[in-house]
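See below for the structure under consideration.
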Amino acid sequence: MTSLTIFYSVLFYIATLVLLGGVAYRIYEYARTPAPLNIPTTPAPTSKGGVAVRMAREVVLFESLFKSNKWIWLFGWLFHVGLALVLLRHLRYFQEPVWFWVEFIQPFGKYASFAMVAGLAGLWARRFLVDRVRYISTPSDHLMLALLIAIGLSGMLMTFVAHTDIVAVKAFMLGLMTFNFHPMPADPVLMAHLFLVAVLMIIFPVSKLLHAPGIFFSPTRNQADDPRETRHIAPWAAALERDRA
Amino acid sequence: MAGPEFEVPALTEYTEVPKIKEGATAHLKSFIAAEASQSYLGYPHQLPADWKERVLDRMGQVLEKYRSVRVFMDACVHCGACTDKCHYFLGTADPNNMPVARQELMRKVYRRYFTLPGKIAPWLVGAEDLTEDTLNKWYNYYHQCSECRRCSVYCPYGIDTAEITMAGREILNHVGIGQKYSSEILVKVQKIGNNLGLPGPALEDTLLGLEEDIEADTGVPVKMPLDVEGAEILLVTPSADFFSEPHVESLIGYAKVFHAAGASWTLSSKASEAGNFGLFNGNYETMRAIAMRIRDAALELGVKRIIVGECGHAWRVAYAFWNTLTGIGYGGDDPFSVELQKRLDPRYPQPMHICEYTWDLIEKGVLKFDKSLNDDRVITFHDSCNVARGSRMGTEPGGQFTIPRNIIRAVANNYQDMAAETIGESTFCCGGGGGLLTDDLIEVRVKGALPRMNAYNNVVQGQSVNFLALICAICKAQFTKVLPYYGFDRNMVGGVHQLVGTAIKLD
């Protein structure tokens, strides 16, 4: 094996472990921390089913963001939907045979990259153009956008301009998954693309990217409005009750 | 009234989003609590030598106990959706009054001491060391937030700045930095029984006086019973209803409704306060201790129903938290909850809002009105923040918006809503909620009222509105004080049950 292959193999094993382990740990932290009071932002659904619908509208349509600001919604939604399609399209590098629907969405996934990068560019522009957003932007906010755009552009470069050897890429990735190693192609654009993706995976559990699992644990969105019918009590609050009874 | 020492914002048709002015309200600092009230509440009254450890220790505890704070610390992406949603930002232009920036005051410390990137590269991720200056900023800006939750409506992750503000105040209290106004009220309500600190005999006198007034006015002997054992209904209402104008007009309204319905009801001298400032300071145990007075009074008097008067944050605590804190409600199967449940009448929601009670009677045709008695009024209704975004009335989501309006339309002929983007879940806070209703914060209160005043001015100018109907004691006090700054007559302010009391037919 070349040192290039070894480097990228190790990098992706580490990145995958950090991403899965890190996010799993954060989810565990959120799940074990009690929500002692019923605090849905009302009007809120009164049943669990209603909460599922509300959450789905938030996650799929970004409903609250739409209420708030049409520009942020437009750029944010374009980016996320673009990213989702692009990610789904990439499944084909990790499976053999390729599922039918993954095959089907290939062209959509290709062109979704434009929406993704356009959305990111819009979001980045706001960080310079809107004084309020400029005030709250940290260096890491800018770097995060730069990272995502660099990933998008390097990917698009390989899709639309300088094709990389995707058969070899796929062999490399499947090899990582089956411990049957194949060489990592020495294409500089591919190397940049995969390196940046690994960086993104590694910082995910310690960055604001935690908004993705976070929203599902947000008490203002995931609680049903039923406090007169259901007694919500956290274990630590119940302990207070026992101590004083 | 002496002239204000600050510029009152000019009214405009739409509330414009201002360009940020750094430090615009950095100087506004609510008076700090003294030793007496702080030590009663179990807090120090000055910064201890080990304050830094205590702040971080308390913050760690809050992160362990409250999922809201833990998730909200991580989830924000600085998208900017909330930046133009806070009435205090719109009125002051101070960027720290943007909800995200207010949260960042705490998040900077969270990142520095509780996250890996903040420990390694604080400059990169906006992490900052905890200093006394940090605490000063926390104190000033966590007392320029009324915990109204408007930002949480618009946040794509539902981040609720109120939760952060509450946590901030709780941590500050633990290092001796409490707010005089809230701290003293928390003592009065626990020592004397209500936020105004008025003892039982004074309450009794007042109620007798009001009974005489009503009888002189209407010829009908409407009663205001106090501490009646075996009454069916316990009414818990903000103490301002007993002693403040225009609040007392709503109390008269409730009494007339009970009279017309032939209900057996009572007030309690022990639970002579619906308000619960424990909410504002984010201390669960204090909030619970204050709420327990209601449970105790209900058990002692043997009532079957508990009804809450016109008070915004009190209704949030009652509706959303009483069941958790005191077992007033259903669903609990522990002995503590069951003890109360077997006394309460299961045919009714517990607790119930006075508007739910009145609207139910109107729907059943029990109450009769002469709507023309309100014809001198053109009414608009201000949705109080805690009712709008922290509670419900009735069985359907949004009942908190329809029920009060239905009551007004049932008792008066002239009703006009304010602009849609300023009511309902989008309602603007009055500017005085969340423990800010104190004269040392008058500049914040006046400026924070701007978005509501703009919307109100539009219906005053366009639809000849002359009555601002409210269901919150804090809103009533705040608007009575602030309306004149914007050139309105303070007598335009009143309660929904003041309108009910005006039009109701008694016999």
Chain A contact via Arg316(B) - which portion, at a heavy-atom distance below 4.5 Å: side chain
Chi angles and distances behind the salt bridge (charged side-chain N to carboxylate O under 4.0 Å, His left out) call for Arg67(B), Glu29(A): CA-CA 9 Å; Arg67(B) 182 184 291 166; Glu29(A) 269 187 333; over 6 Å; no
Chain B contact via Tyr30(A) - side chain, backbone, both or neither, heavy atoms under 4.5 Å: both
Structural part of Cys79(B) lying under 4.5 Å from a heavy atom of chain A: both
Heavy-atom side-chain contact between Phe66(A) and Pro156(B) under 4.5 Å: no
Glu63(A), part contacting chain B, at a heavy-atom distance under 4.5 Å: neither
Interatomic spacing from CD1 in Ile159(B) to CZ in Arg221(A) - rounded to 0.5 Å: 9.5 Å
Any side-chain donor near an acceptor of the partner, Thr41(A) and Ser152(B), under 3.5 Å: yes
OH on Tyr319(B) to CG on Asn38(A), rounded to 0.5 Å: 7.5 Å
Max heavy-atom pair count under 4.5 Å with chain B, selected residue of Val133(A), Leu123(A), Val59(A), Asp141(A): Asp141(A)
More than 12 heavy atoms from other groups under 6.0 Å of NZ on Lys19(B): no
Value rounded to 0.5 Å, distance of OG1 in Thr83(B) from CZ in Arg134(A): 12.5 Å
Residue pair Met144(A) / Val77(B), side-chain heavy-atom distance below 4.5 Å: no
Greater than 12 external heavy atoms within 6.0 Å of Lys110(A)'s NZ: no
Part of Glu22(B) lying under 4.5 Å from any heavy atom of chain A: side chain
Between Ser68(A), Ala44(A), Pro235(A), the one whose heavy-atom pairs under 4.5 Å with chain B are most numerous: Ser68(A)
Contacting moiety of Gln350(B), where chain A heavy atoms sit under 4.5 Å: backbone
Which atoms of Ala121(B) approach chain A - backbone, side chain, both or neither, heavy atom under 4.5 Å: neither
Option that, when pairs with chain B are counted at under 4.5 Å, heavy atom only, ranks first among Leu210(A), Asp225(A), Leu143(A): Asp225(A)
Rounded distance (nearest 0.5 Å) linking atom CZ of Arg228(A) with atom CH2 of Trp322(B): 11.5 Å
Whether Trp236(A) and Tyr284(B) hold their rings parallel, tilted or perpendicular, with breakpoints at 30° and 60°: perpendicular
Portion of Val387(B) that has a non-hydrogen atom of chain A nearer than 4.5 angstrom: backbone
Region of Ile203(A) that comes under 4.5 Å of a non-hydrogen atom in chain B: neither
Pairwise distance NE2(His232(A)) to CG(Asn323(B)) - rounded to 0.5 angstrom: 8.0 Å
Met287(B), part contacting chain A, at a heavy-atom distance under 4.5 Å: side chain
Between CD on residue Gln400(B) and OG1 on residue Thr42(A), distance to nearest 0.5 Å: 5.0 Å
